[in-house]
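Report on one structure; see the data block that follows.
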Protein chains: 2
Amino acid sequence: MTNQEFTELLHNRSLKATAPRLALLNALHEYKSAMPYSAIQSKLSPIDRVTLYRTLESLMKKGVIHKAHQEGSDIFYAFCGHSCSIEQHQHNHVHFKCKSCDTVTCEEPKRSLHISLPGYDIQKVSISIEGICKDCITA
Amino acid sequence: MTNQEFTELLHNRSLKATAPRLALLNALHEYKSAMPYSAIQSKLSPIDRVTLYRTLESLMKKGVIHKAHQEGSDIFYAFCGHSCSIEQHQHNHVHFKCKSCDTVTCEEPKRSLHISLPGYDIQKVSISIEGICKDCITA
DNA sequence: ATCTTATTGCAACATTGTTGCATTTAGGGT
DNA sequence: ACCCTAAATGCAACAATGTTGCAATAAGAT
Ligand SMILES: [Mn+2]
Ligand SMILES: [Mn+2]
Ligand SMILES: [Zn+2]
Ligand SMILES: [Zn+2]
């Protein structure tokens, strides 16, 4: 992803292509897997804390990024897929955190799981999984 | 649940039956659904913040309570079932947060869902659901 | 090049997490 | 009923993150 493309992405969502936003998008892009808040802050340092806070907020609100994991103290952020837009987030995937390498990734489960709670109106499902990732098992 | 029973519960887990712990257990018990941190703090006020922190930690470690919801800023706590012990937490239920009444409850889904991620070793699954609860729909 | 509005940067404050240490207390042993 | 000791509390102190207001700045439309 080039800086030019990120700029388009932001403009499509009525967001100005500012330095902090491009820095964040580049950081997330390079990081490959979901990026913990602490790593984002280090990478973008010396960014103003409030600016980072609002940058994350606006990008989340516009369906560009999403929180991928929030057990533990460090919150992980990841890019949304094409299914997410300014109107709504649409995530059918799960979030996997490896206890060995501490990496958080967005994964598509083989069988799409259907949760049934009779009498309830289910609007959003978040699934966080912990275990050992493929790479750490093979290695 | 009487105070006497709570004392036994604590002793079974090698924990002393102190005032802060009994206060917490009583608060959780009265609250019925999962209790947000802020409500716990108000209810137990004026409890020392550190004591509350360590009380929650120790009770979680010994399988007496667990975090029921941690999207949002307020973390919800709830009693563990009989399946949880000093050795390990064993939760097969999901956590439902009602967008209307803001209540968080532990729910047993009808079909037990099986998540399949080939190549990965799944050790723990946390499912958080948001929507409208049974009571709010009926009302 | 100018203008307008979104965005930033800073100050300031709030909440929660976390550790160290001295003091208190629960509960087992006598 | 009284000791004793380990466990637990209370307080100080610091760190990290969330959150708002406001003045200064800069992006992008004209
Ligand atoms: Mn994801
Ligand atoms: Mn639960
Ligand atoms: Zn791994
Ligand atoms: Zn409800």
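Order of the sequence lines sets the chain letters (A, B, ...), proteins ahead of strands, with each chain counted from 1.
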(message) I need the CZ-P distance between A/R13 and D/dA27, as an integer number of Å.
(response) 21 Å
(message) Let me spell it out: for each of B/S73 and B/L15, pick the nucleotide of DNA chain D with the closest heavy atom. Which residue's pick is nearer the 5' end?
(response) B/L15
(message) Quick check for you: to the nearest 0.5 Å, what is the distance between A/L117 atom CG and B/H93 atom NE2?
(response) 11.5 Å
(message) Starting the side chain at C-beta, find the nucleotide from C/dG9, D/dA8, D/dG28 nearest to A/H11.
(response) D/dG28
(request) Would you mind reading off the distance between A/Y37 atom OH and D/dA16 atom P, rounded to a whole angstrom? (result) 11 Å
(message) Go nucleotide by nucleotide along DNA chain C from the 5' end; which of A/T18 and B/A17 gets its closest nucleotide reached first?
(response) A/T18
(request) State which of D/dA8, C/dC10, C/dT18 makes the closest approach to the side chain of B/K16. (result) D/dA8
(message) Nearest to the B/R49 side chain among D/dC14, C/dT7, D/dT9, which nucleotide is it?
(response) D/dC14
(request) Return the orientation label for the A/Y37 and A/Y77 ring planes: parallel under 30°, perpendicular over 60°, tilted otherwise. (result) tilted
(message) If you only use heavy atoms from C-beta on, which nucleotide in D/dC11, C/dT16, D/dT17 is closest to the side chain of A/S38?
(response) D/dT17
(message) Tell me whether the rings of A/F79 and A/F6 are parallel (<30°), tilted (30 to 60°) or perpendicular (>60°).
(response) parallel
(message) Between A/Q4 and A/T2, do the side chains contain a donor N or O and an acceptor N or O under 3.5 Å apart?
(response) no
(request) Could you tell me whether B/K67 and A/E71 make a salt bridge, using a distance below 4.0 angstrom between a side-chain N and a carboxylate O? (result) no
(request) Starting at atom CD of B/Q4, determine the distance to atom P of C/dG27, rounded to an integer number of angstrom. (result) 10 Å
(message) Nearest whole Å is fine: how far is D/dA26 P from A/D48 CG?
(response) 15 Å
(request) Starting from the 5' end of DNA chain C, give me the residue, B/Q41 or A/T55, whose nearest nucleotide shows up first. (result) A/T55
(message) Rounded to whole Å, please give me the gap between CG in B/L59 and C1' in D/dA7.
(response) 14 Å
(request) Using whole Å, report how far CG of B/D74 lies from P of C/dG17. (result) 10 Å
(request) For B/Y53 and C/dG20, give me the distance from atom OH to atom P, rounded to whole Å. (result) 12 Å
(request) Could you work out which one of D/dT19, C/dT19, D/dC22 sits closest to the side chain of A/R54? (result) D/dC22
(request) Measure from CG on A/L52 to C1' on D/dT20 and round the result to the nearest Å. (result) 17 Å
